[in-house]
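This is a predicted model, so every value here is computed, not measured.
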Amino acid sequence: MKILFACSIADSEARQRMSSLGEIIETPEADTPEKLLAAAAGAEIIIVPYTAQMLVTQAVIDGLPQLKLIGSTYGGVRQNIDELYALEKGICVIHTGPTRIRPMAEYTLGLALSALTQISNYHHYMRSGEAWPRANFGRTRILHNRKVGVIGFGWIGKGIAELFQAFTKDIQVYSQHASETSLQAAGYQKAESLEAVFKECEVIVLAGGYNPATHHMIRAQHFEAMADEALFINIARGKMVHQAEMIEVAERKNIYLALDVFENEPLEADSPLRENDRYLITPHRANAPREFEERWKYLADELERFTAGQSPETALNPERAKVMSES
């Protein structure tokens with residue numbers, strides 16, 4: 001079996017494991033559909049890294065009739081794989097999303113704790129010349145027993161909800177695919193609506209996938225519904241929020257924001273989000289922890305499952321593929 005990687009494998013142990021499954025070919029120069037198609041001749045499996053442009057096109061899929069599996073070294077596939085077309089052709093499509101769960105959940109927890117306790121602001125002022133800013137923010141808050149809302153219940157949303165259960169048992173989940181029964185069995189409440197999450201919860205986490213249906217799903221009315229001092233966290237995608245409307249409401253209401261993603265990235269230098277102590281902002285780094293590199297070993301796990309005739313854990317179906325983020 002020929003297994004083509006359009007990248008270099010960064011984990012020698014994982015490479016050794018995968019080499020026992022077939023002939024491994026690493027071609028990081030295959031960064032266009034034409035180059036990939038030429039390099040993958042005869043390959044039954046192709047694995048691609050994140051690329052800004054479409055890489056595994058319909059033409060590539062049609063040009064590789066022996067293809068059985070397409071994989072991404074990142075958490076999503078849509079950004080550079082025509083996954084729906086591949087699924088129509090009976091090709092298995094996988095990704096390494098589960099290796100993001102714990103890193104992103106802990107980063108989200110860090111944003112929540114820092115925003116509630118004002119740790120980042122105290123650090124900023126002590127570094128900026130104010131010798132002892134003890135009284136700048138008055139009494140702060142902790143996460144314990146606060147009502148939390150999690151929007152989106154995929155791999156990442158589940159991981160966040162599970163981690164936050166160590167701090168509070170009062171967690172609402174807004175999901176269009178998770179049933180009330182399954183959520184209750186896991187210790188959560190199913191939110192009646194998106195509006196209810198913003199109205200009722202003190203900490204709101206956006207963790208869903210970005211796709212055309214979720215573009216600008218969070219609007220002014222949601223921020224208007226937030227209670228005084230409630231916190232909104234976004235580690236999903238900036239384009240899921242109408243950023244201008246969010247800023248307009250947050251500038252006149254006493255609500256807090258903790259944002260790792262923005263509608264346009266990099267964030268504009270003159271953005272009002274840079275100027276307010278109620279806003280905690282970070283430069284899209286929730287997936288930066290080194291544990292994310294466990295993706296190579298996880299990819300080896302998935303390929304071992306596939307070659308053994310088992311279904312990989314991340315094998316997509318059309319329904320799941322349509323609601324996934326790009327990466």
Side-chain angles (χ1 to χ4, degrees), residues 1-51 53-101 154-155 209 211 292-327:
M1 177 182 294
K2 180 178 177 180
I3 306 172
L4 181 123
F5 282 79
C7 57
S8 297
I9 302 170
D11 185 308
S12 58
E13 178 187 335
R15 190 188 194 287
Q16 184 174 4
R17 285 173 56 195
M18 290 185 286
S19 66
S20 69
L21 306 175
E23 178 190 5
I24 299 292
I25 300 173
E26 297 170 74
T27 58
E29 66 277 6
D31 56 1
T32 67
E34 296 75 20
K35 292 178 182 178
L36 179 63
L37 182 57
E44 294 181 54
I45 295 173
I46 58 174
I47 309 293
V48 298
Y50 177 86
T51 56
Q53 74 284 355
M54 181 60 66
L55 190 59
V56 186
T57 61
Q58 292 187 17
V60 170
I61 294 169
D62 288 339
L64 300 171
Q66 75 289 343
L67 198 58
K68 297 178 180 177
L69 181 144
I70 303 168
S72 168
T73 64
Y74 267 69
V77 298
R78 180 172 298 116
Q79 74 281 349
N80 62 3
I81 299 171
D82 193 330
E83 81 281 20
L84 294 177
Y85 188 72
L87 293 172
E88 288 178 9
K89 295 287 187 178
I91 299 169
C92 182
V93 180
I94 64 171
H95 57 86
T96 60
T99 61
R100 290 185 170 198
I101 296 172
W155 293 101
N211 55 67
F292 180 49
E293 292 308 311
E294 292 297 313
R295 58 186 170 150
W296 298 106
K297 292 184 178 63
Y298 184 80
L299 191 55
D301 292 340
E302 288 286 74
L303 293 184
E304 286 172 352
R305 282 187 273 268
F306 180 76
T307 55
Q310 303 168 14
S311 177
E313 289 181 344
T314 62
L316 291 179
N317 57 47
E319 292 71 29
R320 176 64 183 142
K322 288 174 184 177
V323 299
M324 285 190 71
S325 292
E326 292 186 349
S327 65

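Pairs of residues two or more places apart, or lying in two chains, that qualify as salt bridge (charged side-chain N to carboxylate O under 4.0 Å, His left out) and include a residue from residues 54-68 are E44-K68, D62-K89.
The CG atom of L55 lies 12.0 Å from the CG atom of D82; values are rounded to the nearest 0.5 Å. Interatomic distance, CD1 of I25 versus CZ of F5, reported as 11.0 Å (0.5 Å rounding). We find the CD-CG distance between E319 and L87 to be 9.5 Å, quoted to the nearest 0.5 Å. Note that CE of M18 is 6.0 Å distant from CD1 of I24, once rounded to the nearest 0.5 Å.
Two residues are said to be in side-chain contact when any heavy atoms from C-beta on lie closer than 4.5 Å; F306 and I94 fail this criterion. Residues K2 and Q66 form no side-chain contact, since every pair of their non-hydrogen atoms from C-beta on lies 4.5 Å or further apart. A 4.5 Å side-chain heavy-atom check between L84 and R78 finds every atom pair outside the cut-off. Between L303 and L69, the closest side-chain pair of non-hydrogen atoms falls below 4.5 Å. Side-chain contact between I61 and I70 is present, with heavy atoms from C-beta onward closer than 4.5 Å.
The heavy-atom pair separating A43 from L4 by the smallest distance is CB-CB, 4.3 Å. Pairing each heavy atom of L36 with each of A6, the nearest pair is CD1-CB, 4.1 Å. Across all their heavy atoms, L21 and E304 have their closest contact at CD1-N, 3.9 Å. Across L67 and I91, no two heavy atoms sit closer than the pair O-CG1, 3.6 Å. Minimum heavy-atom separation, V48 to I81: CG2-CD1, 3.8 Å. The shortest non-hydrogen separation linking A86 to V93 is CB-CG2, 3.8 Å.
Remark: S311 engages A315 in a side-chain contact (heavy atoms from CB on, under 4.5 Å) (not counting sequence neighbours). Partners of T73 under the side-chain contact (heavy atoms from CB on, under 4.5 Å) rule, at least two apart in sequence or in another chain, are C7, I47, P49, R295, W296, L299.
For the pair E302 (side chain) and E313 (backbone), a donor-acceptor distance under 3.5 Å is present. Judged purely by atom type and a 3.5 angstrom limit, Q53 uses its side chain to pair as donor or acceptor with the backbone of D31. Between the side chain of S72 and the backbone N or O of H95, no donor-acceptor pair lies under 3.5 Å.
Ionic pairing of E29 and K35 is not present here: no N-O contact between side-chain nitrogen and carboxylate oxygen is shorter than 4.0 angstrom.
Between Y50 and Y74, the ring planes lie tilted relative to each other; the angle falls in the 30° to 60° range.
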**Q.** E294 and D11: CA distance, side-chain angles, deciding distance, side-chain contact (heavy atoms from CB on, under 4.5 Å) verdict
**A.** CA-CA 9 Å; E294 292 297 313; D11 185 308; 5.9 Å; no
